[in-house]
Amino acid sequence: MEEFLPGLLRQLARRCASLRDRLAALPADPEVRDHAIGAYQAVETIRREVEQLLADPSLGVLALLPNHLQLYKRWSELAMLVESYPLPFVERFADPDRRLTRLARRLTQQVAWPHAPPLVAAFSTQYYWTLAAFDLVCTPAAETMTLLGLPDLCHELGHILLLRDEVVLLGDFLQELISYVDAEQRRVAAQQRPREYMALYDHLFVQWRDRWLREFVSDMVATFLVGPAFGWQHVRLCAGQSQSAFHPTLGEGAEHPADEARLRGIVAVLAVMGQGDAGTAVADLWQHFLRVKGEPVAPDYGVCYPPTLLESLAGRVVAGCRTLGLRGFDAAGDPADDVVALINEAWRRFLSDPAAFAAWESLRIDELWRALGLPP
Amino acid sequence: MSDVSVLSHEYKASSELSRAINHALILVKKQQLGLLGAGPATDEAVVRARRDLSEIVAAVAVLLGAETPAREAAAASRVPGVLVARLRSERRGDLDWYLEDLTRLAGVLADPARAVSADDLALLDQLAAAADAETSAVFRKLMRT
């Protein structure tokens, strides 16, 4: 390994140089320039750090070998991330990507987004996702043809905001989460329930801390930005894709929290913003959806997503969004020139007259692209 | 509904911790091995590295030491929950001793006057290996999605 690692490092430096050169050779396109520069800087930083280690006389010292190997892994992973995400985003930037990128730019401008707008690509095989560290969002290929799914773009913006402004958005929520799990574990002990329950709560904490909290916050940021439209879109998405509204429950694992709890998080934000009626309307449709689905509530489900935690988090996220100067959906302008207003108008029309919706939507989308300087 | 968004967050937190441990640990080891030049700048860098490691070790100890997963938000925010779960599982047989060792080690690292022993370095290497394994696991999940 003492000889092998320097070889690996040299290969990695070469790969980074190759990625850097490809990024530098891209034709100038103002829409992707900032992201290309960001990716360039990332691989060039790795390359320089690798070269620095290659020049370090301590490379090859046995006691340091595990640590140098682990650093190599981190650099290699980061280079692979650049190669897998930002590079294809900027190198294969196509017409649907340009449309959605411009749309995201307009949206972020209108909501006073405090960071650089994301680069959006329309080639996802896994619905919407973001690589927040690189300000990249990926959507399904046909998202340029509909308005109803666009609230999910705001959910991905929520992931980016959380990465940049976690302290502002969360405050000391983690302490509250810890206190809740502590209290539940004491209750389990007091009730002399099986000892295994303690481990289930440990697992619950890890899921909240590492995963679910991020999803809840992203949902809540989206609700702050785009309002009830995000709630309607949540129901639409669940109607098409949800396996179970009450999964995961205690003892189960998943990257995302349960759809039912997410819906309650959305309604909580609407309530904090003084839009309780809109929340009730979304919740009514959701309840109807659940009744039709006929799915029973999973055992121990309630302890995983207590209303007190969701409501507290909603209050913190709304306050955090306001501190960051973001515009809430309740201050949106005219649907003729405001993206958030247009999305909510689309949902209002879809819900009130689904038969006439397609024709109306088609016209609005054509107008939208024209307004963004693109042919329909 | 994709897992990429949340996994990329997890990966970032995990890889930053892994890098932080290794960068600091390399400096401490180099000093032990006499591989660093003398001078105030070097001394200051080593003290900083020891303090960083001390904070991380203390955070892990707090998170592992509680009967519940964590009682201090500051510690919890520094160390991913999955790493704590991994350590809890790996050290199930000798968790109490492991906690004692970690608590003592955090104290040693925080005090520049105290020497770091070979056993201390081994303990730090084990922690680095756990953080590395967790980061690699999240990365593989991220690239598989």
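Lettering follows sequence order; numbering is per chain, from 1.
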Give the minimum heavy-atom separation between E156(A) and S5(B), together with the two atoms involved. OE1-OG, 2.9 Å

Which of residues 101-116 of chain B get closer than 4.5 angstrom to chain A, counting heavy atoms alone? none

With rounding to the nearest 0.5 angstrom, report the CG to CG distance, L65(A) to D125(B). 10.5 Å

Drop me the distance from L81(A)'s CG to K12(B)'s NZ, to the nearest 0.5 angstrom. 11.5 Å

Any idea which heavy atoms bring A132(A) and S8(B) closest together, and the distance? N-OG, 4.1 Å

Show the nearest heavy-atom pair for residues S84(A) and M143(B), with the distance to one decimal. OG-CE, 3.1 Å

May I have the step-by-step check of side chain to side chain contact (heavy atoms under 4.5 Å, CB included) for V61(A) and L35(B), ending in yes or no? CA-CA 10 Å; V61(A) 171; L35(B) 295 172; 4.2 Å; yes

Rounding to 0.5 Å, atoms NZ (K30(B)) and CG (L64(A)) come to a distance of 7.0 Å

Heavy atoms of R209(A) and G81(B) approach each other most closely as CG-N, 4.3 Å

Can you check whether F139(B) reaches K73(A) side chain to side chain, under 4.5 Å on heavy atoms? no

Worked check of side chain to side chain contact (heavy atoms under 4.5 Å, CB included) between Y11(B) and E77(A): CA-CA 10 Å; Y11(B) 172 72; E77(A) 287 161 358; 2.6 Å; yes

Taking every heavy-atom pair that is under 4.5 Å apart, which of A85(B), A13(B), S136(B), S14(B) has the most such pairs with chain A? S136(B)

One thing to verify: whether D3(B) and R211(A) come together as a salt bridge, which I'm taking to mean a side-chain N less than 4.0 angstrom from a carboxylate O. no

Can you confirm whether R316(A) is buried at CZ, in the sense that more than 12 heavy atoms of other residues, nucleotides or ligands lie under 6.0 Å from that atom? yes

Y85(A) to V4(B) - nearest heavy-atom pair and separation: OH-CG1, 4.4 Å

Can you say whether T130(A) sits under 4.5 Å from chain B via the side chain, the backbone, both, or neither, judging by heavy atoms? both

If you draw a 6.0 Å radius around CD in Q191(A), do more than 12 non-hydrogen atoms from other residues or ligands fall strictly inside? yes

K141(B)/E255(A) salt bridge by N-O under 4.0 Å criterion: yes

Rounded at 0.5 Å granularity, tell me how far CG in L7(B) sits from CG in L131(A). 10.5 Å

Considering only heavy atoms, which portion of I26(B) lies under 4.5 Å from any heavy atom of chain A: side chain, backbone, both, or neither? both

Among residues 15-23 of chain B, those lying within the under-4.5 Å heavy-atom range of chain A are S15(B), S18(B), R19(B), N22(B), H23(B)

